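In what follows, a structure is listed as structure tokens, so that the remarks can point back to it.
All values reported here derive from a predicted model rather than from experimental measurement.
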Amino acid sequence: QVQLVESGGGLVQAGGSLRLSCAASGRAFSTYAISWFQQAPGKEREFVAYISGRGGSTRYADSVKGRFTVSRNNAENTAFLQMNSLEPEDTAIYYCAAGGRFSARQSDYDYWGRGTQVTVSA
């Protein structure tokens, strides 16, 4: 099992940056792929970014390509989402999730954090 806790959210102006962290406790963090999802008010939770267990493979939603970067530090059991050039449309609760392989579907992930709020003002 793995427990996940997100942090780093906040209020930022459009064009600004935030760095989200996903701290994991439990065993064998490097065996889990980590994905980030966003859920805006009134909308479904959507895939944002993915990183494989050893960090060698990443994937992004088209809406964030070139602006967001996912990374991880397995020695510190932490994954990150660097978000640059933020837009009001990025406003959402951001969740990290741990799973076995790449998937953009929520149902394929076994473990979730509670989320961190990101608000981007115009």
Side-chain angles (χ1 to χ4, degrees):
Q1 269 195 337
V2 62
Q3 294 79 43
L4 305 173
V5 178
E6 302 92 339
S7 63
L11 173 63
V12 64
Q13 288 187 332
S17 298
L18 283 173
R19 188 191 197 205
L20 305 184
S21 297
C22 173
S25 59
R27 300 177 62 182
F29 177 65
S30 64
T31 66
Y32 292 96
I34 297 292
S35 283
W36 290 91
F37 288 77
Q38 64 179 191
Q39 187 165 19
K43 293 189 177 181
E44 296 285 323
R45 195 171 296 186
E46 297 180 341
F47 169 77
V48 173
Y50 156 90
I51 187 165
S52 60
R54 295 183 182 273
S57 177
T58 58
R59 303 248 186 128
Y60 297 93
D62 288 344
S63 60
V64 306
K65 280 181 183 176
R67 300 189 299 123
F68 290 12
T69 302
V70 61
S71 61
R72 64 192 297 160
N73 182 333
N74 285 343
E76 296 187 354
N77 281 9
T78 306
F80 304 97
L81 184 68
Q82 177 68 44
M83 306 188 296
N84 298 330
S85 303
L86 282 161
E87 304 167 352
E89 293 74 20
D90 297 318
T91 295
I93 300 174
Y94 284 74
Y95 299 88
C96 63
R101 61 181 63 190
F102 171 71
S103 174
R105 299 186 303 182
Q106 299 179 56
S107 58
D108 289 333
Y109 291 86
D110 299 317
Y111 306 103
W112 291 83
R114 293 188 175 184
T116 185
Q117 176 71 47
V118 171
T119 303
V120 185
S121 63

Pairs under 3.5 angstrom only: tabulate donor-acceptor contacts from the side chains of residues 33-47 to other protein residues two or more places apart or in another chain.
residue	atom	partner	partner atom	Å
Ser35	OG	Tyr109	OH	2.6
Gln38	NE2	Tyr94	OH	2.8
Gln39	OE1	Arg45	NE	3.3
Gln39	OE1	Arg45	NH2	3.4
Gln39	NE2	Lys43	O	3.2

Under 3.5 Å donor-acceptor pairs involving side-chain atoms of residues 7-26, not counting sequence neighbours:
residue	atom	partner	partner atom	Å
Ser17	OG	Asn84	OD1	2.9
Ser25	OG	Gln3	OE1	3.0

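Partners of Asp108 according to the side-chain hydrogen bond (donor to acceptor under 3.5 Å, both in side chains) rule, which considers only residues two or more places apart in sequence or in another chain, are Ser103, Arg105. Residues satisfying the side-chain hydrogen bond (donor to acceptor under 3.5 Å, both in side chains) criterion with Arg67, sequence neighbours excluded, are Asp90. Judged as a ring-ring contact (aromatic ring centres under 6.0 Å, His included), and not counting sequence neighbours, Tyr60 has no contacts.
Side-chain contact check for Leu86 versus Phe68: some heavy-atom pair is nearer than 4.5 Å.
Closest of all the heavy-atom pairs between Gly53 and Asn74 is O-ND2, 2.9 Å.
The hydrophobic cluster containing Tyr32 does not contain Tyr50, counting ILVMFWY residues as joined when their side-chain heavy atoms lie under 4.5 angstrom apart, directly or transitively. In the hydrophobic clustering of ILVMFWY residues, with side-chain heavy atoms under 4.5 Å counting as a link, Val120 and Tyr95 come out apart. When hydrophobic clusters are built by joining Ile, Leu, Val, Met, Phe, Trp and Tyr residues whose side-chain heavy atoms come closer than 4.5 Å, directly or via intermediates, Val70 is grouped together with Val118. The hydrophobic cluster containing Val64 does not contain Ile93, counting ILVMFWY residues as joined when their side-chain heavy atoms lie under 4.5 angstrom apart, directly or transitively.
Summarising the geometry, atom NZ belonging to Lys65 is positioned 10.0 Å from atom OG1 belonging to Thr58; distances are rounded to the nearest 0.5 Å. Taken from OG in Ser63 to CD in Glu87, the straight-line distance is 8.5 Å, to the nearest 0.5 Å. The OG1 atom of Thr69 lies 13.0 Å from the CZ atom of Phe80; values are rounded to the nearest 0.5 Å. Note that the OH atom of Tyr111 and the CD atom of Gln1 stand 5.0 Å from one another [nearest 0.5 Å].
Applying the 4.5 Å side-chain rule to ILVMFWY residues, one finds that Val5 remains a lone member of its cluster.
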